[in-house]
Amino acid sequence: MKNDRLLDALAAFSHKASTRLDTTAERSAKVAVMDTLAVALGALSHPAARAARRYAKHSRVSEGATIWGTGMRVTAETAALVNGVPLRAYDYNDLYIGKGGGHPSDMVPGLLALAQWRKASGRDLLGAIALGYEASVQLFDFLRLRNGGLDYPNIIAIACTCAAARLLGLSLEQTREALSMTVISHFASYEVESNDLNSRGDLTMWKRFNGSDAVRQSVYACLLAEAGAEGVVRPFEGVHGFLANLNVSAADLESLCKQLDPSRPFEGVSRITFKRWPVGSRGQSAIQAALQARAGIGDVSNIQSIHVLTDDDVYDHLVTQRSDPWNPISRETADHSLPCIVATAILDGEVGVETFDSERVLDPARRTLLNERLTVEASSDLSGGMSRGFLTRVEITDKSGKVAVGEAKAPPGHILNPFRDADFEEKLRDNVVPHFGEKRAEEIIQAVWSLQNQADLDGLCALLTLEQGGAIDDQVAGAAR
């Protein structure tokens, strides 16, 4: 019987790697939780999050995992899905890019749900998160999913299965079966990133579910394997396996398997980029530059022109691929438009989750600035992609001829300009206080910093429940951000 080298390597890594974290990895796992909660709790009123919670009512159990916001108890699979949806609501969670890229924090809600349900400790959770991040980073470094028309949640699902299997204490053979079931049953298509718009002018809502659905699949596969279910024999290297259409070289496959060495300490969880503002990573440097230039120009009503120079990849992703980036018609066409991102930062002097509400996007003053005074061009001097921070430079000229410049620099949260502990705390307060209040936000912060001392996760999960949890679902559709 032919073996499956990647299946063997992943299963051994999951089963044998030490989850006793050093100081750096433990801190990195904690801030991954902190950032995840900041983003997800701040988006509980998003329409996709409300739809997910309506679905959750089918899976109520008396002893299960907590649905964030409401306190409803459901199965672990359902909690993994539902709590992960708001995490992707505003393109605000973490990112890693190697040959491929995606959002490792998608797995955090699922692992927290599983840990709460199975009465695992905070230290167990942190170890599982670090293990899952390590697997995802190694897979992203060697696999280019777009070669096969696949989206990043495929990798998140595989990595989360490694982490969830360890959290559940599955045997080596059970871990192999869980990975096999995960891979074959979750070929997530890249069509979710097609940029096709629905009748409201929005990108597909499924983009908000895509990552957490992958994590739900991971939890489901691990529980099936625990119960004795078995997957296919060669999920990665079989004739129709996961690697069949990815054009992975023999050298890359061998290197990937070597990197999944269970004797190595975890480093991946410390190699992640975080976002200061709720737009994709390709817009972060642009916002930083726009705000810097705005500070140097004074009165924005005196602006004569705005010239934006940007990384080739940023131009392709936020200009070329968009149907009409100078005339956005919805939140998602606005926060995926480089011209609109820059104009908005300059006009408002800040960027938050309310920034791209429809009334602001359609504001006539914004349209005038976009269509009459703002130009964008790609610059080879600024190119270099993620490794440099998706750089953008902004030049504002006022009516007197004065030029204010926002320099092209790696933005806050990028690995070249990393967040401090205080930055993670500030992001959590900014997003959580409006829903939960200042006292609760501080309690959540302290609970995350002390996770390694918590015997179970019930205390943290209790803090993620609103006193009137139903209020976020009673809002009319138009009230949601």
Ring-face cation of Arg331 near Phe356 (centre distance under 6.0 Å, axis angle within 45°): no
Quick one: does NZ or CZ of Lys427 land under 6.0 Å from the six-membered ring centre of Tyr92, within 45 degrees of the ring axis? yes
Hey, does Trp277 have a side-chain heavy atom less than 4.5 Å from the side chain of Ile341?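 With C-beta onward as the side chain, the pair stays apart.
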Does the distance from a Lys or Arg side-chain N to an Asp or Glu carboxylate O, for [X] and [Y], drop under 4.0 Å?
X	Y	value
Asp357	Arg360	no
Asp313	Arg282	yes
Asp151	Arg146	no
Arg294	Asp348	no
Arg176	Asp8	yes
Asp91	Arg88	yes
Arg27	Asp421	yes

Gln321 and His336 side chains, donor-acceptor separation under 3.5 Å: no
Do His46 and Tyr90 have their ring centres less than 6.0 Å from each other?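 For His46 and Tyr90, the ring centres are under 6.0 Å apart.
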Using ring centroids (six-membered ring only for Trp), state whether Tyr152 and Tyr190 fall under 6.0 Å. no
List the steps and the verdict of side chain to side chain donor-acceptor pair (under 3.5 Å) for Gln288 and Arg276. CA-CA 9 Å; Gln288 176 176 249; Arg276 175 62 183 85; over 6 Å; no
Rounded distance (nearest 0.5 Å) linking atom [atom1] of [X] with atom [atom2] of [Y]:
X	Y	atom1	atom2	result
Lys30	Leu21	NZ	CG	10.0 Å
Asn210	Ile156	CG	CD1	10.5 Å
Leu179	Asp4	CG	CG	10.0 Å

